[in-house]
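Accompanying notes for the structure given below.
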There are 2 protein chains.
Amino acid sequence: MEKRYKTPKECLGKLMPVRDTLDIFQGKWKIQIISVLMYYDECSFKLLKESVKGITSKMLSKELKELEVNQLVEREVIDTRPVTIRYRITPYGESSRDIIIALYNWGVEHRKKIIGKE
Amino acid sequence: MEKRYKTPKECLGKLMPVRDTLDIFQGKWKIQIISVLMYYDECSFKLLKESVKGITSKMLSKELKELEVNQLVEREVIDTRPVTIRYRITPYGESSRDIIIALYNWGVEHRKKIIGKE
DNA sequence: CAGAATCCGGTCAGATACTG
DNA sequence: CAGTATCTGACCGGATTCTG
């Protein structure tokens, strides 16, 4: 391996997968929703709304749709009266667990650092 | 360990570190900037701008400031003519490597899945 | 219960131009 | 080179109301 300068072009290649991932998980809510679904295994709309603190019906609905399109979350309609809806994480969504764990761990350490300061 | 229902309140506790982390890395650019700085070790404003594709001076400047405040990035002014500025990732910023790696890995797998489909 | 519809302000962020 | 300044449209997302 010869030593040479790194270029923006090479860097872009390294960066692309990260950009792809960010595109999908972008925003304030998606990661939180997935985390909650991992926690509960399955979940109603109402429970999701109570668990993702601060989210509105509108946002929750919108984000769930986008997660469904990307096949990270699945929505099951059960034919009861009134209908029951269950949200569940898909195996593909499950594959983002490493991301959630990394975010979680960093947050725990961050909190230690911040609290240690004050 | 006794078996019992999970509650939104417990869930919130689990979610908090994730929320903390998201607060800091939120947005389209911060993760990308950190990734680039990890790649180069140190970096000028110009090189950063060329490497984070699509970012404007304004956004780059703003995001760098926020990253500095959170001590993820440091800015060194070298007294030359004209002055040289170097951006570098801090050890604390370095601690987010696991997050970047998780995002990168997921992006690589995601691309395989998407391309396999078309 | 599980959302859809509407209204609406704020801020985000892009384009462009400019500075020491 | 390393940013700042200004302008502007887009859209994010909150509050509220309504529905089957």
Side-chain angles (χ1 to χ4, degrees), chain A residues 5-8 11 15 19 22-34 36-37 40-70 73-89, chain B residues 5-8 11 15 19 22-34 36-37 40-70 73-89:
Chain A
Y5 289 109
K6 296 176 177 178
T7 67
C11 184
L15 207 49
R19 293 174 77 117
L22 288 176
D23 277 345
I24 289 180
F25 294 102
Q26 198 67 270
K28 193 173 167 182
W29 303 116
K30 292 197 183 67
I31 290 279
Q32 293 188 57
I33 293 171
I34 291 178
V36 170
L37 286 173
Y40 287 121
D41 300 335
E42 64 175 44
C43 194
S44 68
F45 190 88
K46 192 191 177 202
L47 187 53
L48 262 173
K49 189 159 142 57
E50 287 165 4
S51 300
V52 180
K53 201 181 166 188
I55 198 168
T56 62
S57 295
K58 180 182 147 189
M59 279 300 112
L60 180 53
S61 174
K62 187 188 141 216
E63 301 290 81
L64 281 169
K65 267 174 201 158
E66 293 178 23
L67 290 171
E68 250 193 284
V69 167
N70 286 312
V73 165
E74 65 183 19
R75 177 178 188 273
E76 187 192 0
V77 184
I78 300 168
D79 193 11
T80 51
R81 278 276 175 173
V83 285
T84 308
I85 313 276
R86 306 223 149 280
Y87 290 97
R88 207 170 286 116
I89 197 162
Chain B
Y5 289 109
K6 295 175 177 180
T7 68
C11 184
L15 207 49
R19 292 173 79 115
L22 288 176
D23 277 344
I24 290 180
F25 293 103
Q26 197 68 270
K28 194 174 167 185
W29 302 115
K30 292 198 183 66
I31 290 280
Q32 292 189 57
I33 293 170
I34 291 178
V36 170
L37 286 173
Y40 286 122
D41 300 334
E42 64 176 42
C43 194
S44 67
F45 190 90
K46 193 193 175 200
L47 186 54
L48 263 172
K49 191 159 141 55
E50 287 165 5
S51 300
V52 180
K53 200 181 166 188
I55 199 169
T56 61
S57 294
K58 180 181 147 189
M59 277 302 112
L60 180 53
S61 174
K62 187 189 142 217
E63 301 289 80
L64 281 170
K65 267 174 200 157
E66 293 178 23
L67 290 170
E68 249 192 284
V69 167
N70 286 311
V73 164
E74 67 184 17
R75 179 180 186 271
E76 186 192 1
V77 183
I78 301 169
D79 193 11
T80 51
R81 280 275 176 174
V83 284
T84 308
I85 314 275
R86 306 222 149 282
Y87 288 97
R88 209 171 283 118
I89 197 164

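Just so it is clear: chains get the letters A, B, ... in the order the sequence lines come, proteins before strands, and each one is counted from 1.
With D/dA15, D/dT4, C/dA2 as the choices, the nucleotide that has an atom nearest any side-chain atom of B/S57 turns out to be D/dT4. Side-chain proximity of A/R75 to the nucleotides D/dA15, C/dG3, D/dA2 is greatest for C/dG3.
Going from atom CH2 of A/W29 over to atom P of D/dG14 covers 5 Å, rounded to whole Å. Straight-line distance from the CD1 atom of B/I85 to the P atom of D/dC1: 12 Å, rounded to whole Å. For A/E42 and C/dC1, the CD to P distance is 16 Å, given to the nearest whole Å. Protein atom CD1 of A/I55 is 15 Å distant from nucleotide atom P of C/dA2, rounded to whole Å. Rounded to an integer number of Å, the gap from A/L47 CG to C/dA2 P is 9 Å. Distance CD (B/E63) to C1' (C/dC12): 10 Å, rounded to an integer number of Å. Remark: C1' of D/dA2 and NZ of B/K62 are 18 Å apart, rounded to the nearest angstrom. Between A/K65 atom NZ and C/dA2 atom P there is a gap of 15 Å when expressed in whole angstrom units.
Nucleotides of DNA chain C nearest to A/L64 and B/G54 differ in position, and the one nearer the 5' end is that of A/L64.
Using a 4.0 Å cut-off, some side-chain N or O of A/K46 falls inside it from OP1 or OP2 of C/dC1. At the phosphate of D/dA15, neither OP1 nor OP2 sits under 4.0 Å from any side-chain N or O atom of A/T56. An OP1 or OP2 oxygen of C/dC1 is reached within less than 4.0 angstrom by no side-chain nitrogen or oxygen of A/Y87. For the OP1/OP2 pair of D/dG13 and a distance below 4.0 Å, the side-chain nitrogens and oxygens of A/K58 include no atom meeting the criterion.
Residues B/L22 and A/K28 are not in side-chain contact: their nearest non-hydrogen atoms beyond the backbone lie 4.5 Å or more apart. Taking the side chain as every heavy atom from C-beta outward, B/V52 and B/L60 never approach each other to under 4.5 Å.
Test A/K65, A/E68, A/R88 against A/R75 for side-chain contact (heavy atoms from CB on, under 4.5 Å) and you get one pass: A/E68.
B/K28 comes within 4.0 angstrom of sugar-phosphate atoms only, judged by non-hydrogen atoms across all strands, and of no base. If you check every strand for non-hydrogen atoms under 4.0 Å, A/R86 touches nothing. Here A/T84 lies out of heavy-atom contact (under 4.0 Å) with every strand.
A donor-acceptor contact closer than 3.5 angstrom is absent between the side chains of B/S57 and B/S61.
Side chain of B/T84 to main chain of B/T80: no donor-acceptor pair is present (N/O by atom type, distance under 3.5 Å, no hydrogens or angles).
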